[in-house]
Amino acid sequence: MRDFPKVELHLHLEGAAPPAFIRGLAREKNMDISGVFDEHGNYAFKDFWHFLKVYEAATSTLQTAEDYHRLTLAVLEESAAHGVIYTESFLSPDFCGGRDVGAWREYLHAIRDAADQAEKSHGIIMRGVVTCIRHFGPEKAKETALCAAETAGDWLTGFGIAGDETAGKPKDFAYSFDMAREAGLRLTAHAGEWGGPQSVRDALNDLGVERIGHGVRVAEDPALVEELAEKEVVLEVCPGSNVALGVYPNWRAHPIGMLFDKGVKVTVSTDDPPFFHTTMTDEYDRLSDTFDWDDGVFKTLNTIAANAAFCDEKTRANVLERLEKTDD
Ligand code: HPA
Ligand code: ZN
């Protein structure tokens with residue numbers, strides 16, 4: 001499936017950093033981040049909450065706009081090598097300049113510059129979605145939303161919330177989502193991964209998001225599954241991430257097959273690929289093995305993703321045209 005054209009809607013930029021890249025930065029800066037890796041040099045963590053800590057420790061090596069320029073190039077090169085033609089990446093002003101709007105502009109400029117370079121050399125299109133970090137609390141989220149609102153446009157196109165889904169409630173962040181919406185940003189929220197079906201209802205009702213990051217736990221509530229299908233809410237499903245973090249014990253137990261069969265608009269992404277030992281190619285291979293999905297199903301999922309992308313219509317038409325050229 002490596003060369004199959006893919007649209008990815010849920011990728012945390014720092015979470016896509018190859019371990020060797022982070023080790024290289026730590027070496028350059030004489031930082032000791034030994035707790036981040038196992039004896040094989042892979043990211044090491046014992047559960048989701050430990051993952052968030054390790055993620056933040058790895059990210060502490062990224063300290064300048066130039067570091068993010070290099071990171072973005074490395075990430076997009078890897079995504080393009082797995083057939084990704086359009087990627088929406090979660091960006092965090094919390095890590096990029098400590099939520100200072102001026103500093104954030106510099107980081108964003110560097111990330112965009114790298115994205116332009118990667119589009120020229122590898123044909124991959126990137127758009128940015130700012131995420132606030134739930135366990136940093138609603139006050140910091142307001143500052144993050146201001147960074148997003150000040151830089152909203154045809155490249156920085158969305159706003160969302162990541163981090164510890166068990167911290168606080170969606171409505172605590174309503175002010176930030178209102179600010180983002182008023183700035184013209186499109187909205188998504190992580191829900192229904194560590195929270196049950198009600199967490200998805202809350203994200204939809206209290207934040208007014210049009211997409212849900214993960215959302216797979218709606219499978220526990222048949223009425224909600226039906227409602228999502230009817231309302232055409234798009235789920236950014238990351239099956240390999242869910243299995244790696246133990247939300248489901250194995251691929252067979254993952255509800256993406258059932259959700260697709262029930263008409264829910266599901267899409268496929270990697271979340272934090274090296275952390276979860278996955279790539280977009282691996283995701284497609286495992287889905288094909290597990291659910292017997294053929295190229296036609298994958299083309300359908302990519303078309304759903306392209307139609308749900310937070311980009312302008314010209315870019316969408318370009319992406320859809322490239323998908324249309326896929327043989328099935
Ligand atoms: N989930 C939630 N928050 C995150 C993640 C993730 O996979 N990666 C970085 N922040
Ligand atoms: Zn995520």
Side-chain angles (χ1 to χ4, degrees), residues 8 10-64 67-68 70-79 81-82 84 87 89-92 94-96 131 133-136 161-167 190 192-195 213-214 216-217 236-254 268-287 290:
E8 179 162 41
H10 189 120
L11 180 73
H12 299 265
L13 184 59
E14 300 88 1
F21 178 87
I22 294 296
R23 257 194 305 280
L25 283 181
R27 208 176 303 121
E28 282 171 25
K29 296 168 204 242
N30 277 318
M31 295 174 71
D32 177 15
I33 52 156
S34 45
V36 164
F37 303 111
D38 66 15
E39 67 274 24
H40 307 293
N42 295 315
Y43 293 116
F45 48 90
K46 57 181 191 334
D47 59 22
F48 175 65
W49 292 272
H50 188 215
F51 157 77
L52 290 174
K53 286 206 169 69
V54 170
Y55 187 105
E56 283 162 29
T59 298
S60 71
T61 63
L62 290 152
Q63 295 173 343
T64 66
D67 291 341
Y68 271 83
R70 289 160 66 188
L71 171 66
T72 305
L73 281 181
V75 168
L76 292 178
E77 187 174 343
E78 177 71 5
S79 290
H82 287 279
V84 178
T87 185
S89 181
F90 295 136
L91 310 176
S92 301
D94 289 271
F95 302 136
C96 298
T131 42
I133 298 174
R134 190 151 159 176
H135 55 277
F136 290 0
I161 182 165
D164 182 359
E165 208 184 296
T166 63
H190 280 64
E193 180 192 18
W194 302 102
H214 298 287
V216 286
R217 300 272 307 276
E236 305 154 4
V237 182
C238 310
S241 160
N242 296 153
V243 173
L245 287 170
V247 180
Y248 299 102
N250 55 57
W251 281 74
R252 268 263 124 240
H254 197 283
V268 176
S269 296
T270 55
D271 216 6
D272 308 275
F275 281 87
F276 305 139
H277 303 282
T278 190
T279 63
M280 281 295 266
T281 309
D282 290 327
E283 297 290 320
Y284 279 48
D285 284 341
R286 301 303 294 271
L287 288 168
T290 309

Quiz item: Among all residues two or more places apart in sequence or in another chain, which pass the ring-ring contact (aromatic ring centres under 6.0 Å, His included) test with H12?
Solution: H10, F90, H190
Exercise. Check P274 against G15 and note the closest heavy-atom contact, atom names and distance.
Key: CD-O, 3.3 Å
Practice problem: Quick one: pull up CD in E28 and CG in N30 and give me the separation to the nearest 0.5 Å. | Solution: 10.0 Å
Quiz item: Under the side chain to side chain contact (heavy atoms under 4.5 Å, CB included) criterion, do E56 and H135 qualify, and how do the steps go?
Solution: CA-CA 12 Å; E56 283 162 29; H135 55 277; 2.8 Å; yes
Quiz item: Does any non-hydrogen side-chain atom of D94 lie less than 4.5 Å from one of F136?
Solution: yes
Quiz prompt | CD on E14 to OG on S92, rounded to 0.5 Å | solution = 5.0 Å
Quiz item: Is there a side-chain contact between V237 and H254, using heavy atoms and a 4.5 Å cut-off?
Solution: yes
Practice problem: Supply the atom-to-atom distance T87 OG1 to M280 CE, rounded to the nearest 0.5 angstrom. | Solution: 7.5 Å
Quiz item: What orientation do F45 and F275 show, parallel under 30°, tilted 30 to 60°, or perpendicular over 60°?
Solution: tilted
Quiz item: Passes side chain to side chain contact (heavy atoms under 4.5 Å, CB included), F51 versus D272? Steps please.
Solution: CA-CA 10 Å; F51 157 77; D272 308 275; 3.5 Å; yes
Quiz item: Is there a side-chain contact between W194 and L245, using heavy atoms and a 4.5 Å cut-off?
Solution: yes
Self-check item: Test item: Y248 side-chain N/O and N242 main-chain N/O as donor-acceptor pair under 3.5 Å
Solution: no
Exercise. Check for a donor-acceptor pair, side chain of D67 on one end and backbone N or O of Q63 on the other, with a separation under 3.5 Å.
Key: yes
Exercise. Keeping the roles fixed (side chain from D285, backbone from D282), state whether a donor-acceptor pair exists under 3.5 Å.
Key: no
Quiz prompt | Minimum-distance pair of heavy atoms, taken over all atoms of F276 and T270 | solution = CD1-O, 4.0 Å
Quiz item: Side chains of P273 and L11: does their closest heavy-atom pair fall under 4.5 Å?
Solution: yes
Practice problem: Would you indicate whether the side-chain heavy atoms of L13 and Y68 approach each other to under 4.5 Å? | Solution: yes
Exercise. Check the surroundings of atom NZ in K29: do more than 12 heavy atoms from other residues, nucleotides or ligands lie under 6.0 Å from it?
Key: yes
Quiz item: Is the closest side-chain heavy-atom distance between F95 and I133 below 4.5 Å?
Solution: yes
Quiz item: Any salt bridge between R134 and E193, counting N to O under 4.0 Å?
Solution: no
Self-check item: Euclidean distance, E283 CD relative to E8 CD, rounded to 0.5 Å
Solution: 8.5 Å
Quiz item: Nearest heavy-atom pair of A58 and Y43: which atoms, and what distance?
Solution: CB-CE2, 4.0 Å
Quiz item: Looking only at heavy atoms, what is the nearest atom pair of V54 and A44, with distance?
Solution: CG2-O, 3.3 Å
Quiz item: For the side chain of S60 and the backbone of A57, is there at least one donor-acceptor N/O pair under 3.5 Å apart?
Solution: yes
Exercise. Indicate yes or no: at least one non-hydrogen side-chain atom of C96 is less than 4.5 angstrom from one of L91.
Key: no
Quiz item: Quick one: are R70 and L25 in side-chain contact, heavy atoms under 4.5 Å?
Solution: yes
Quiz prompt | Residue from L71, L73, T72 passing side chain to side chain contact (heavy atoms under 4.5 Å, CB included) with V75 | solution = L71
Practice problem: Any chance you could measure I22, atom CD1, to F37, atom CZ, to the nearest 0.5 Å? | Solution: 6.5 Å
Quiz prompt | T61 OG1 to R27 CZ distance, which is reported to the nearest 0.5 Å | solution = 11.5 Å
Quiz item: Sub-3.5 Å donor-acceptor pair from the side chain of R286 to the main-chain atoms of T278, do we have one?
Solution: no
Quiz prompt | Minimal non-hydrogen separation, G192 against H214, with atom names | solution = O-CB, 4.4 Å
